[in-house]
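Not measured: the values here are computed from a predicted model. One-based numbering along the sequence shown.
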Amino acid sequence: MSDFLIIRTYHKVKTLYLCSKSKIYCTTYIISSDMKKVLFLLPLLVFCLSSGAAFAQSGKAKPTREHLYRVYLTDKAGTPYSLNKPEAFLSKKALERRSRQQLTLNDTDLPVSPKYVKAVEKKGMKVVGCSKWQNTLLVATTDSAAAEQLTALSCVKEVKRVHSYNIKEQKLTRTTLKTTDRAAVDTPYYGKAQANITTINGIPLHEAGYRGKGMTIAIFDGGFMNADVIPLLNNVSVLGTRDFVYPRSEDIFAETDHGTMVLACMGANQPGRIVGTAPEASFYLLHTEEGPYESWAEEDFWTMAAEYADSLGVDIINSSLGYNTFDDKTQNYRRQDLNGRTAFISRTASMLADKGMLLCNSAGNSGSGTWKKIGVPADATDILAVGALTPKRNNASFSSVGPSHDGRVKPDVMSLGAPATVIGGNGAVQGANGTSFASPVLCGMVACLWQALPHLTARQIMALVRQTANHADDPDNVFGYGIADFEKALQAGRNAATR
């Protein structure tokens with residue numbers, strides 16, 4: 001089979017695939033607003049496909065198990081990129097977001113060295129992803145002794161095996177959609193989701209015209225079952241999708257409906273039936289969670305998604321994900337690891353505000369179990385970790401508690417999540433329990449608040465949300481700073497601007 005080129009375009013994001021018998025090289029471009037200038041972004045060997053024919057011809061059995069390694073690089077020597085020309089690896093929107101918040105670029109923003117990527121490839125490894133912020137590669141191989149070969153490279157500082165799994169064909173099936181009756185005439189404007197927004201006093205922002213317009217939110221999740229075909233979501237502005245999980249999913253809209261429910265909390269816009277907390281915002285749907293497994297590799301997928309979101313100019317990330325135990329028990333985190341610095345994913349999350357982005361992350365659902373504490377990356381610094389409330393404004397018994405191991409208040413704030421109103425993968429409006437839904441309910445209102453106060457930085461917006469919550473004067477380990485109040489946050493922000 002000769003080499004050939006595939007070009008795929010989705011909402012100004014163009015991906016070129018150069019395919020051959022054994023490899024697929026992927027390079028992503030962002031097309032500027034005038035559609036004439038193409039900005040080169042994130043040149044990377046995203047993944048290589050092993051040729052089964054090679055095993056058949058040699059008479060060897062095809063490997064049944066694959067391993068993923070996180071490779072820590074020593075430096076970025078040989079990079080063709082420069083901080084003086086950031087347009088080569090960041091979009092115009094990303095640079096404008098940083099400029100608006102007076103944030104400068106640093107060496108963490110430079111892409112990893114292509115020279116080091118090639119050095120790893122020469123060892124017969126597949127580079128399936130990377131992190132420029134943490135200067136790492138994610139490498140796939142069927143060789144269980146690959147760590148020795150990788151460590152021998154002068155450009156490699158450390159190697160960690162982050163996942164091992166059995167190679168098998170993926171078969172996904174979509175949930176059948178239900179037909180739903182139209183809402184009654186006297187249904188409230190927000191439909192069954194009325195309590196989602198009233199619990200955190202968000203309606204005054206919507207009435208003032210702040211409904212998330214112009215704000216971009218990235219959702220990190222395990223799947224978005226039928227989100228592309230559910231009628232109640234047909235007017236949600238989805239700018240694009242991307243899969244960061246390896247092996248890649250054949251269809252992220254046939255994976256779990258967890259992300260569908262999260263999207264509905266914010267983006268649904270069907271008056272009288274269900275309206276979310278940011279119905280005029282735009283969204284990227286990013287697949288980072290590997291459903292059948294729990295492994296450190298998911299922290300790499302999450303990190304890759306965060307850097308991609310940064311490159312696109314995303315304002316806010318909602319991550320209704322958290323980790324503390326894994327299939328490989330030696331990878332489990334201990335309570336003393338909840339310091340925002342130990343977990344790979346938490347180190348990434350703690351960098352987001354420095355890039356101009358704001359993270360809302362679920363606190364976790366371990367409050368009634370033996371662990372009880374928040375997970376990672378809810379322990380990160382400079383984020384909003386969100387706990388869950390009941391309709392009576394009590395904390396949900398399952399909502400994870402703090403503080404972080406280094407004594408910071410966690411969760412940061414509380415929102416409705418026991419239950420919140422969502423849309424399931426079958427297309428029906430329903431209730432769902434979890435900090436997974438408290439987080440996006442709050443995240444949507446954060447987008448509205450930032451729309452109203454665009455001169456503020458990510459850190460300043462987070463401070464407003466904390467300082468105007470109902471326990472701000474006496475935060476604790478259960479409610480954090482308390483139940484968010486977005487009308488008060490807006491007033492406080494406006495008052496501060498007039499001083």
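- Residues Val386 and Thr435 have side chains not in contact (no heavy-atom distance under 4.5 Å, counting atoms from C-beta outward).
- The shortest distance between side-chain heavy atoms of Leu68 and Thr141 does not fall below 4.5 Å.
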Could you please spell out the steps behind the side chain to side chain contact (heavy atoms under 4.5 Å, CB included) verdict for Asn135 and Lys76?
CA-CA 8 Å; Asn135 201 25; Lys76 294 184 176 178; 3.7 Å; yes
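- Side-chain contact, Ser164 with Glu66: no donor N or O sits under 3.5 Å from an acceptor N or O.
- No hydrogens or angles considered: nothing links the side chains of Thr79 and Ser113 as a donor-acceptor pair under 3.5 Å.
- Scanning all heavy atoms of the two residues, the minimum distance from Asn361 to Ser319 falls at OD1-OG, 2.8 Å.
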Please step through side chain to side chain contact (heavy atoms under 4.5 Å, CB included) for the pair Ile374 and Leu338, ending with a clear verdict.
CA-CA 8 Å; Ile374 55 172; Leu338 301 177; 4.2 Å; yes
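- Around atom CD of Gln102, no more than 12 heavy atoms belonging to other residues, nucleotides or ligands sit under 6.0 Å away.
- Judged by distance alone, with hydrogens and angles left aside, the side-chain atoms of Arg466 form no donor-acceptor pair with the main-chain N or O of Asp412 at under 3.5 Å.
- Judged by the 6.0 Å and 45° rule, Arg242 forms no cation-pi pair with Tyr284.
- Put simply, CG on Leu95 and CG on Leu105 are 6.5 Å apart, with the number rounded to the nearest 0.5 Å.
- The neighbour count for Lys372 NZ, taken as heavy atoms of other residues, nucleotides or ligands under 6.0 Å away, is above 12.
- Ionic pairing of Lys132 and Asp109 is not present here: no N-O contact between side-chain nitrogen and carboxylate oxygen is shorter than 4.0 angstrom.
- Residues Arg98 and Lys355 form a side-chain contact, since some pair of their non-hydrogen atoms from C-beta on lies under 4.5 Å apart.
- The backbone N or O of Ala94 sits less than 3.5 Å from a side-chain atom of Ser91, completing a donor-acceptor pair.
- Side-chain atoms of His163 and Glu290 form a donor-acceptor pair, as typed in the model, at a separation below 3.5 Å.
- Gln467 places no side-chain N or O within donor-acceptor distance of the main-chain N or O of Ala472, the cut-off being under 3.5 Å.
- Under a 4.0 Å N-O distance rule, the pair Asp379/Lys373 does not qualify as a salt bridge.
- No hydrogens or angles considered: a donor-acceptor pair under 3.5 Å links the side chains of Tyr116 and Asp75.
- Side chain of Arg408 to backbone of Ala380: a donor-acceptor contact under 3.5 angstrom is found.
- Every pair passing side-chain hydrogen bond (donor to acceptor under 3.5 Å, both in side chains) that includes a residue from residues 470-486 is listed here, sequence neighbours excluded: Asn201-Asp485.
- The backbone N or O of Phe344 sits less than 3.5 Å from a side-chain atom of Gln134, completing a donor-acceptor pair.
- What you find for Trp450 and Thr457 is that their closest heavy atoms are CZ2-C, 3.9 Å.
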Could you walk me through whether Glu289 and Asp221 satisfy the side chain to side chain contact (heavy atoms under 4.5 Å, CB included) test, starting with their C-alpha distance in whole Å, then the side-chain angles of each, then the deciding distance to 0.1 Å, before giving a yes or no?
CA-CA 6 Å; Glu289 163 74 11; Asp221 220 286; 5.8 Å; no
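- When every heavy atom of Ala306 is checked against every heavy atom of Leu352, the shortest pair comes out as CB-CD2, 4.1 Å.
- Shortest non-hydrogen contact noted between Thr288 and Ala305 is CG2-CB, 3.5 Å.
- Each of Thr303, Asp300, Thr136 was checked for a side-chain hydrogen bond (donor to acceptor under 3.5 Å, both in side chains) with Arg70, and the lone residue meeting it is Asp300.
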Quick one: do Asn395 and Met414 satisfy side chain to side chain contact (heavy atoms under 4.5 Å, CB included)? Show the steps, please.
CA-CA 8 Å; Asn395 69 297; Met414 306 290 282; 3.9 Å; yes
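- Cation-pi geometry between Arg335 and Trp371 is met: under 6.0 angstrom from the ring centre, within 45 degrees of the axis.
- Nearest heavy-atom pair across Val446 and Val465 is CG2-CG2, 4.4 Å.
- Ring to ring, Phe244 and His287 are not that close: their centroids are 6.0 angstrom or more apart.
- The pair Arg97-Asp310 counts as a salt bridge, with a side-chain nitrogen and a carboxylate oxygen less than 4.0 angstrom apart.
- With Asp327 contributing its side chain and Glu294 its backbone, the two residues share a donor-acceptor pair below 3.5 Å.
- Judged by distance alone, with hydrogens and angles left aside, the side-chain atoms of Glu299 form a donor-acceptor pair with the main-chain N or O of Ile345 at under 3.5 Å.
- Judged by distance alone, the side chain of Asn339 and the main-chain N or O of Asp406 form no donor-acceptor pair under 3.5 Å.
- Residues Thr348 and Trp302 are in side-chain contact: their nearest non-hydrogen atoms beyond the backbone lie under 4.5 Å apart.
- Put simply, the side chain of Arg393 reaches to within 4.5 Å of the side chain of Thr199, judged on heavy atoms.
- Arg248 and Tyr246 share no side-chain donor-acceptor pair at under 3.5 Å.
- For the pair Ile317/Leu358, no side-chain contact is recorded, criterion being any heavy-atom separation below 4.5 Å from C-beta on.
- The aromatic rings of Tyr323 and Phe326 lie parallel to each other, their planes meeting at an angle below 30°, with 60° marking the opposite boundary.
- Between the CG atom of Leu286 and the CD1 atom of Ile252 there is a distance of 8.0 Å, given to the nearest 0.5 Å.
- In this structure, Lys85 places its NZ atom where only 12 or fewer heavy-atom neighbours from other residues, nucleotides or ligands lie under 6.0 Å away.
- The two residues Ala119 and Leu153 come nearest to each other via the heavy atoms O-CD1, 4.0 Å.
- Under a 3.5 Å cut-off, the side chain of Thr151 and the backbone N or O of Ala147 do form a donor-acceptor pair.
- In summary, the side chains of Asn318 and Ser320 do present a donor paired with an acceptor at a separation below 3.5 Å, with no hydrogens or angles considered.
- How far OG of Ser404 is from CG of Asp337: 12.5 Å, rounded to the nearest 0.5 Å.
- Residues Phe224 and Ile219 are in side-chain contact: their nearest non-hydrogen atoms beyond the backbone lie under 4.5 Å apart.
- Between atom CD of residue Glu280 and atom CE of residue Met266 there is a gap of 15.0 Å, rounded to the nearest 0.5 Å.
- A donor-acceptor contact closer than 3.5 angstrom is absent between the side chains of Ser249 and Asp243.
- For the pair His206/Phe486, no side-chain contact is recorded, criterion being any heavy-atom separation below 4.5 Å from C-beta on.
- The backbone N or O of Glu96 lies less than 3.5 Å from no partner atom in the side chain of Ser99, so there is not a single donor-acceptor pair.
- The aromatic rings of Phe437 and His258 lie tilted to each other, with the angle between the two planes from 30° to 60°.
- Partners of Lys93 by salt bridge (charged side-chain N to carboxylate O under 4.0 Å, His left out), not counting sequence neighbours, listed by chain and number: Asp315.
- Exactly one of Val112, Leu138, Leu137 qualifies for a side chain to side chain contact (heavy atoms under 4.5 Å, CB included) with Val71. That residue is Leu137.
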